[in-house]
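Okay, so here's the structure we're looking at.
This structure is a prediction, so every number in the text was calculated from the model and none was measured. The figures here come from the full heavy-atom set of this structure, side chains too, leaving out hydrogens, waters and symmetry mates.
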Amino acid sequence: MKGQITKDGDILKKFSLLLLAVTLLLLTVSTAPATYGAASFPNTGTNGLTGFAGNAKNENGVSKAATTGGRNGQVVYVSNLNDLRTHMAGSTAKIVVVEQNISSSSLQKVEFGSNKTLVGSFDRHTLTNIHFRSTSGSSNVIFQNLTFNHSANINANDDIQMYITSGSNYWIDHVTFSGHSYSSGGSDLDKLLYIGDRADYITISNSKFANHKYGIILGHPNDGNSSYNGVPHVTMSNNYFENLYVRGPGLMRYGFFHIKNNYANNFNQAITIGEKARIYSENNYFGAGAEKGGILDDKGKGEFTDTGSTPALNSPVSPKTNWRPSNNYSYQVESAAYAREFVTKYAGSSNTTLVFGK
């Protein structure tokens, strides 16, 4: 009997030790920190949305709905190029969060569909050598809190980090286009952003465009195409253009362009007035480069009116425009001095709370 008790006691002791080991293992697994799917990001929805991407009317007074992106859709976290491609495609509403920097040594083009918000996490939101392209099914997309880098040798004419040619309702907000070193006499032909052809109703806000020979093209890229007359409708508000040799804020053709509370510094040419562009410029600040007379590159083929900018833009070659963006949407405008101070602090991607200009 005594031997049997001892044997049973040994079994019980071994079972207790095994149970303890399993418990400790479970505790260790349950308390391990999550690596993916928990990155903090600015889940601000459409707070701060203004201009043509918001609730706006066309020239005939017909209203359109505001951009919503991936609102009410599934939140998915991406940390590699394949997942980014997968979740930016299609029409299913999604909030796609970049939780790890994604980089490629060569140019990678990512096509995007509709009803998406691509937003960078606070800690990691840099995309290197990744260029986005719209498709015939693209529309209603938000790009927010992202940094775009690209190698200096990716510099051909069609090398453009964001290329939008179709669909409507796009909001580019708190995005940094970092650019690269360049020579004004060099052979670079790449641009940071193109919005043209049939793409329409876009707001570019609180973003930074820097260090590039060519900046932005808005509207169909060639003269003599009257079929594009009237598009796109673009609002550019509270953006920072630093060390863009030309086209920052941009070359504009055919559409309606509301350019307010932006700051351009260290430039050779800022605004190029192209064919049939209607540009209403409001309270912008032009820093170093203004003294060279390059604020306006005026082809005399569009319409241009400025009010409240520093320095004053009183003598364009193109006739004044009678169009006013206040007929399309309501908005606030601050002083040119406010614009310079605000964008140097808050434009571009951020590791903390996003601050929206008025």
Checking side-chain polar atoms at under 3.5 Å, does K94 have a donor or acceptor matched by the opposite partner on H87?
yes
Y163 ring centre to R133 NZ or CZ under 6.0 Å, with the angle to the axis within 45°?
yes
Do S168 and D200 have side-chain N/O donor and acceptor atoms under 3.5 Å apart?
no
Under 6.0 Å from the OH atom of Y338, do we count more than 12 heavy atoms belonging to anything else shown?
yes
For G70 versus A93, what's the shortest heavy-atom pair and its separation?
O-CB, 4.2 Å
Taking the six-membered ring for Trp, are W171 and F143 ring centroids under 6.0 Å apart?
no
Is it the case that the ring center of F356 lies less than 6.0 angstrom away from the ring center of H174?
yes
In a check of ring pair (Phe, Tyr, Trp, His ring centres under 6.0 Å) between Y240 and each of F267, Y285, Y263, which one passes?
Y263
Can you see whether D298 engages S318 through a side-chain donor-acceptor pair at a distance of less than 3.5 angstrom?
yes
Can M162 be reached from I142 by stepping across I, L, V, M, F, W or Y side chains whose heavy atoms are under 4.5 Å apart?
no
Under 3.5 Å side-chain donor-acceptor pair for N243 and H212:
no
When you check the side-chain N and O atoms of S349 and T147, is any donor under 3.5 Å from an acceptor?
yes
Nearest heavy-atom approach of V234 to I204 is CG1-CD1, 4.2 Å
Under 6.0 Å from the CD atom of E59, do we count more than 12 heavy atoms belonging to anything else shown?
yes
To the closest 0.5 Å, what do you measure between NZ (K208) and CG (N238)?
15.0 Å
If Ile, Leu, Val, Met, Phe, Trp and Tyr residues are connected whenever their side-chain heavy atoms lie under 4.5 Å apart, and connections chain through other members, are L313 and I259 in the same group?
yes
Hey, quick one: are L81 and V98 part of the same hydrophobic cluster, counting side-chain heavy atoms closer than 4.5 Å, chains of contacts allowed?
yes
Should the pair Y170 and F112 be assigned to parallel (<30°), tilted (30 to 60°) or perpendicular (>60°) ring geometry?
perpendicular
Would you say the side-chain atoms of K64 and N169 include a donor-acceptor pair closer than 3.5 Å?
yes
Would you tell me whether T305 and K320 have side-chain atoms, one donor and one acceptor, within less than 3.5 Å of each other?
no
Parallel, tilted or perpendicular: ring planes of F132 versus F148, cut at 30 and 60 degrees:
perpendicular
Donor on one side chain, acceptor on other, N284 and S281, under 3.5 Å
yes
Anything under 30° is parallel, anything over 60° is perpendicular, the rest tilted; go ahead and classify F209 against F241.
parallel
For a quick test of reading the model, state the closest non-hydrogen atom pair linking S207 to N239 and the distance between them.
N-OD1, 2.9 Å
First locate atom NE2 of H233, then atom CZ of R278, and finally report the distance between them rounded to the nearest 0.5 Å.
8.5 Å
Under a plain distance cut-off of 3.5 Å, with no hydrogens placed, do D197 and H220 share a side-chain donor-acceptor pair?
yes
What about V76 and V141, same hydrophobic cluster or not, with Ile/Leu/Val/Met/Phe/Trp/Tyr joined at side-chain heavy-atom distances under 4.5 Å?
yes
For T321 and E303, which I'm curious about, is there any donor-acceptor pair between the side chains at under 3.5 Å?
yes
Taking atom types as modelled, find out whether N149 and S178 have a side-chain donor-acceptor pair closer than 3.5 angstrom.
yes
Would N155 and D190 count as having a side-chain donor-acceptor pair, cut-off 3.5 Å?
no
State yes or no: are the ring centers of Y331 and H258 separated by less than 6.0 Å?
yes
Tell me the closest heavy-atom pair linking R253 and P232, and the distance in Å.
O-CD, 4.1 Å
Can you give me the closest heavy-atom contact between I202 and F52, atom names plus distance?
O-CB, 3.8 Å
More than 12 heavy atoms of other residues, nucleotides or ligands under 6.0 Å from CG of N80: is that the case?
yes
Establish, for the pair K213 and Y182, whether the NZ or CZ atom is under 6.0 angstrom from the six-membered ring centre and no further than 45 degrees off its axis.
no
Take L118 and L146 through the test side chain to side chain contact (heavy atoms under 4.5 Å, CB included) and record every step on the way to the result.
CA-CA 8 Å; L118 179 65; L146 302 164; 3.8 Å; yes
Side-chain donor-acceptor contact under 3.5 Å, S181 with N211:
no
Would you say S226 and N229 are linked by a side-chain donor-acceptor pair, where the criterion is simply a distance under 3.5 Å?
no
Nearest non-hydrogen partners of N222 and Y254, listed with the distance:
O-OH, 2.6 Å
Between N129 and Q108: side-chain donor-acceptor atoms closer than 3.5 Å
no
With no hydrogens and no angle check, do the side chains of N261 and E334 hold a donor and an acceptor under 3.5 Å apart?
no
